[in-house]
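First the structure, in the form of C-alpha cells, and then the observations on it.
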Amino acid sequence: MDYQFKDIEKKWQQFWADNNTFKAENNTNKPKYYVLDMFPYPSGAGLHVGHPLGYIASDIFARYKRNKGFNVLHPMGYDSFGLPAEQYAIQTGQHPSVTTEANINTYRRQLDQIGFSFDWSREVRTSSPDYYKWTQWIFMQLFNSWYNKDADKAESIDKLVAYFETKGSAGINAVCDEDTLVFDADEWKALPEKIQQQELLKYRLTYLRESTVNWCAALGTVLANDEVKDGFSERGGYPVEQKKMMQWSMRITAYAERLLQGLDTIDWPEPLKEMQRNWIGKSVGASVKFPLERAESEDLSRENDPTTGSSHPAPYIEVFTTRVDTIFGVSFLVIAPEHELVAELTTPEQKADIDAYIAQTKKKSELDRMADTKTVSGAFTGSYVKNPLNGEKIPVWIADYVLAGYGTGAVMAVPSGDQRDYLFAKHFDLPIIPIIDIQNIETEADPTKEGKYINSDFINGLSYKEATAAVVAKLEEIGLGKAKVNFRMRDAIFGRQRYWGEPVPVYFKDGLPQLIEESELPLLLPEIDKYLPTETGEPPLGRATGWNYNGNEYELSTMPGWAGSSWYWYRYMDADNNTEFASEKAIEYWKDVDLYIGGSEHATGHLLYSRFWNKFLKDIGKAIEEEPFKKLINQGMIQGRSNFVYRLIDEEGRGTNTFISHGLIKDHKTSPLHVDVNIVENDILNINKFKAWREDFADAEFSLENGKYICGVEVEKMSKSKFNVVNPDDLIERYGADTLRMYEMFLGPLEQSKPWNTNGIEGVFKFLRKFWRLFHDANWNFSISNEAPTKAELKALHKIIKKVEDDIERFSFNTSVSSFMIAVNELTDLKCNKRAILENLVIVLAPYAPHIAEELWSLLGNPAGSISTAAYPKFQPEYLVEDDFAYPISFNGKVRTNISLPLTMEPADVEAAVLAHADVQKHLDGKAPKKVIVVKGRIVNVVV
RNA sequence: GCUCAGAUGGUGGAACUGGUAGACACGCAGGACUUAAAAUCCUGUUCCCGUAAACGGAGUGCGGGUUCGAUUCCCGCUCUGAGUACCA
C-alpha cells in the first residue's frame, strides 16, 4: 500500500492512548530524565502552527531519551487561571471554568493529533482545586517563614518568635521592612498580640503592605511590572496608572543574591540570564549620610508644618552611590519629589517653587516622564546639608530624574562624573568640581576611574581602588556611611482584584491577616452572580454570599497568574498525591527538570518567580535542588507571513475590482490587501478560491504574469486580522502529523525566530513517502530482504546513527532532517531493502516521525508499540573508515583540483605525490612552490 | 543611550574545533511519461565572462587585520531583530 498517513496516525495515536505507552514510572532502576514544556494558557483561539514548535522539539528529545534507556517524564498540563476567560465571563456571564474546560478540550484534541508522547496521566490544571490546594499551601508556608540572613535561608516564623521572647530584636539579621521596632525580650512579651502580629508581618516572606501598584482601571486589576509595557497593559493595551493599595507581596528580594549567583550554575541561554541579571540589578556601592545644616528661620517653618508629623527633625539625608570615591566632587544633593523629607526641607521662600514643581511632576504621566529624558527640570528646597567628609555646604534640590523607588530616593550629585548631574549643574548654574587629574569635563561629564584624584582632601593622588577603600573606611569611622549593596529588584506584588484565580487562604480578624487551618484547604473559589467588582469597589469575591470564616471576612483578592506556574513541575512528579504537593520519594527520584523548553518572554516573570519558590521550597526541606531547571532552551517565535493582492486604483482614486500581479504593480496605482494565506500556494494565488473567498471578489478580474497571479509577501505577527494564521489541523489533514513534525524542525534552528512558510512542506512529505518506499516494492507490497548488507549500505546507516545522535544532543533538529533525506536518498540509490539496515533506520527516525516508524516497525514483525523503548542503534565507527581520501588541492587557499590518496600516507609522501601529479604541475606552470602545507586527511595547500 | 543576538544564492537554511562555501529542501528552467493535466521520475540551477563545455574571474552585510588558508578569530563601521531604559 502507498503511504496512508491518515490511517497510520490514527491507529497509533489510539494505540498509545489505550496502552499508556508513555506513562512514566516512579519506581524503577532506570535513570530519570525530565523533559518539560512551558504549559500553555488554553486560549479560545486554539493552537496555531507556531505553538507546537517547542513541544515537537521536546517530544523528539523525550522519545530519543527513552530509546537511550532513560525513564522519561514528559508531562503536559494547563495554566488555566487567567484574564481572557474572565473577560469573556464578564461579557457573556458564562462561568470561566466552562470556557476554560472547552478551550482545554480543543487544545487536547489538537495536541493529540500531533502525536506527542505526553504522560497524560499526570496532567495538571492550575485552576483545579486539587492543584490549587497546594498553591495555597505553599502560600501558607511563605506566610509562616522569614529570611534569616545569617543562615542565608528561610526559617520558620516560630523560630523568630522564640528568639524575640528570649533575646528581643537584638542580633536579628533578617530581610524585613525598614520600620521594624527595637525591643528586648520583656518588651516583646509585653506588647499586645495585635502589635506583635503587625511586627511579624514585617518579616514574613509573604506579607501585606501598602504599596504603589500598577492599577489598570479598564481591566479592574493590578498588574505586575512585567505585564506593563510603556504605561499600558500588555494584554489589551489599556492605560495603567500608579495607585497606592494594600497588597499582598512576596519578599523575593530576600533571594536576590541567590537568584543572581544561581545563574552561574545553570545552562540557560546567555541573553536570558542577562535579562535576569539586569532585572535583579545588583549595584555595589555605599550609603552615605549628609547631615542637615540648620538655619534658625527653618525651625519656625517646621513647627508650623503639620505634614511631617514628627517632632524630631531628621538629622541627615541618606544617599546611595556606586562612586563614593567622587564624594569631594559633590556640589549639590537631589532628592525625589516624592521623598519624605521634601516638606520638611522646603523653606518658606522656596515653598511656591517646590509646590509648583511637584504639581508639574504629578501631572506628567509615567510615560511622559520616561520619554522626556532630555529636558532638565528641578527646584531648590532652600535647605543645605554638609558634606560628611569636609563639611562643605551643599544645597538640596528636588528633581524627577531621581526615582523615589530606587536606593534611598536621594543622590549625591557629582556633575564632573555623571552626565545627568552635569546637565543639571549647567542648567541651574551649580559648580562643577573636577576631581580626577585626567578628567575632561569641558563639554560633558567624564566618569573615568583612571587617573589620580585632585581637589579631594585625603584621597588626593590615590587611584580609584585605593580611594574607594579609604573613603568607605573614613565614613565608617565617623559613622556617616558604610559599604552597601543595592538591588533594583522590588518585592513582587502577589494579588489581583479578580475572580478567576486562586483564593488567598487568609481571613481578617481585628484587621490582621490570619491563615485558615491547613486541614481546611483547598479554600474553594466561591460562586458569584457577576464577574465584576462590587458597587463599593471591592474585588468580585466581595459578591460571594456567606463566604466568610466563622464570621470573619476572607481576603477578597486572588493570587496572580504566576502563582500556579511557580511550582507546577513538582506536581507532575506525583500528580495524584492528596496528602502532599508531591511525595518526598517522588521528589528524591525526579529532583529537577533536565530540559525545559519555552519562550523567552517569560524571562523576568515565570522563570524568576519559579526559581524563587524553588529556593524557598528547598529552604523548608521540600525540594532537593537549588535550581529547578538545569538546562533551558528558548524556542524562537514563529512569525506570520502575510500575502497580498493589489487592487487597481482608477483615475478618480477609487478602488476597482481588478487585481494586479505583484511583478506588475510598479506600472499601476494599486492598494495592497491582505489575502488569506490558505488560498495561496508558493505565493501564487488560487484564483477560484479567491473568488469564492469573499462575495465582492466573485467577479474580480486579474492582470497576470505568465498566466499566474503572484502575491506580495510581508512578515508580520501571526493574527487573524492579517489572514496569515496557519492552523496545524489543516496541515495534518493534508500531509499528516509526521510531516508537520519534521517540517517544523526542518524550518531552521530551534532558537531562531522565523516566519512560517508552508512552501517547503512538500519536500518533507516526499521524503516520508520515499522512506516508506524503501520498505515496499514497485507495487507497494511490503518487501524486505534478509541478505547481509553491503559496505556502502552500512556506511549510510552508521553515518545517520552518528549524525542524529550528535544533532539531538546539541538540539540541532533541523540538520537531522536534512541528514535523514540524504540517508534515504543514498539507500534508494543503492536499492537497499535489507532488514539489517532498515530496522535500525526506523528506530533512528522514530523520535521525529513516530507514527510511520511504529507502522513499519510492526510490519517488520516487532511487537506493537515496542519501538518507543527499543534501544537506539549503536554507532560503529569502523563502517565509516575509508581507505582513500580525495585531497582538495588548493593554490594560495583556492581549491583547484582533487587528488585521491591513501589516508595512511604520511604528509611528506602526500606532498611528493601531489607535486608529481600532472594537474598540479599544470597549475605550477614550471614555477617552484614556496611552501606546501599538508593536513593529513584534510587538505593540501600549495603556496606559490 | 545601554545590553544581547544576528546578516550566507530567487527562498528556508548547511558548513560542529580555522581546512573543498552554498549540503538538504523549496522555487525556477528543461526533459520523460500522458490526448492533456495532476502525480511521479530525470537533468540543470551562487554571480560574471563565454553559444556550450573545458577554463577563468568574483563571492558569506561593509572596510581593515592575523594566517599557508577566514562564513568561522581580532579591530572599526552599517543594517536588522530582541530586551532594557533617568537605577545614582
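Chain letters run A, B, ... following the sequence lines, proteins first, then strands; residues in each count from 1.
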Measure [atom1]/[X] against [atom2]/[N] and give the value in whole Å, please.
X        : N     : atom1 : atom2 : value
A/Phe767 : B/C26 : CZ    : P     : 13 Å
A/Phe891 : B/C55 : CZ    : P     : 13 Å
A/Met489 : B/C87 : CE    : P     : 19 Å
A/Glu751 : B/C4  : CD    : P     : 18 Å
A/Trp279 : B/A82 : CH2   : C1'   : 16 Å
A/Lys273 : B/G83 : NZ    : C1'   : 17 Å
A/Leu272 : B/U3  : CG    : C1'   : 14 Å
A/Asp418 : B/C87 : CG    : C1'   : 11 Å

Quote, to the nearest angstrom, the [atom1] distance that separates [N] from [M].
N     : M     : atom1 : result
B/U60 : B/A21 : C1'   : 7 Å
B/C26 : B/U3  : P     : 43 Å
B/G18 : B/C75 : P     : 16 Å
B/A58 : B/A70 : P     : 13 Å
B/A5  : B/G10 : C1'   : 26 Å
B/G30 : B/G22 : C1'   : 23 Å
B/A37 : B/A29 : P     : 14 Å
B/U72 : B/G65 : C1'   : 15 Å

## Note on the structure
Letter by letter from the 5' end, nucleotides 13-25 of chain B scores (B base, S sugar-phosphate only, - none; protein heavy atoms under 4.0 Å) SSSB--BBS-BBS
### Query
Between B/U84 and A/Arg488, is there an OP1 or OP2 to side-chain N/O distance shorter than 4.0 Å?
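Checking B/U84 against A/Arg488, no side-chain N or O comes under 4.0 Å of OP1 or OP2.
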### Message
Does B/A88 have its OP1 or OP2 closer than 4.0 Å to a side-chain nitrogen or oxygen of A/Ser283?
### Response
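Yes, within the criterion.
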Between [Y] and [X], is there a side-chain donor-acceptor contact under 3.5 Å, judged purely by atom types and distance?
X        : Y        : answer
A/Asn781 : A/Asn779 : no
A/Glu318 : A/Thr408 : no
A/Asn825 : A/Lys770 : yes
A/Tyr401 : A/Asp421 : yes

### Task
Using the closest heavy atom to pick a nucleotide of RNA chain B for each, name whichever of A/Met412 or A/Asn278 lands nearer the 5' end.
A/Asn278
### Query
Checking A/Arg741 side chain against A/Tyr848 main chain: does a donor-acceptor pair fall under 3.5 Å?
yes
### Message
Check whether A/Lys754 reaches the backbone of A/Pro749 with its side chain - one donor and one acceptor, N or O, closer than 3.5 Å.
### Response
yes
### Message
By the rule that syn is within 90° of 0, classify the base conformation of B/G9 as syn or anti.
### Response
syn
Residues [X], [Y]: salt bridge by 4.0 Å N-O rule:
X        : Y        : value
A/Lys273 : A/Asp264 : no
A/Arg769 : A/Glu762 : no
A/Glu805 : A/Lys802 : no

### Message
Under 4.0 Å, counting only non-hydrogen atoms across every strand here, what does A/Arg896 touch: a base, just sugar-phosphate, or nothing?
### Response
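Sugar-phosphate, backbone atoms only, no base.
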### Message
Within the 4.0 Å heavy-atom criterion, would you say A/Arg769 contacts the bases, only the backbone, or no part of the nucleic acid?
### Response
sugar-phosphate
#### Entry: Stems involving RNA chain B, each a run of at least 3 consecutive Watson-Crick or G-U pairs under 3.5 Å
B:1-7 with B:78-84, B:10-12 with B:24-26, B:27-32 with B:40-45, B:46-48 with B:56-58, B:61-65 with B:73-77
### Message
Can you tell me which residue among A/Lys795, A/Lys799, A/Lys831 is in a salt bridge (charged side-chain N to carboxylate O under 4.0 Å, His left out) with A/Glu826?
### Response
A/Lys799
### Message
So if I apply the ring pair (Phe, Tyr, Trp, His ring centres under 6.0 Å) rule between A/Tyr743 and each of A/Phe767, A/Trp756, A/Phe765, A/Tyr735, which one comes out positive?
### Response
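Single ring pair (Phe, Tyr, Trp, His ring centres under 6.0 Å) partner of A/Tyr743 among A/Phe767, A/Trp756, A/Phe765, A/Tyr735: A/Trp756.
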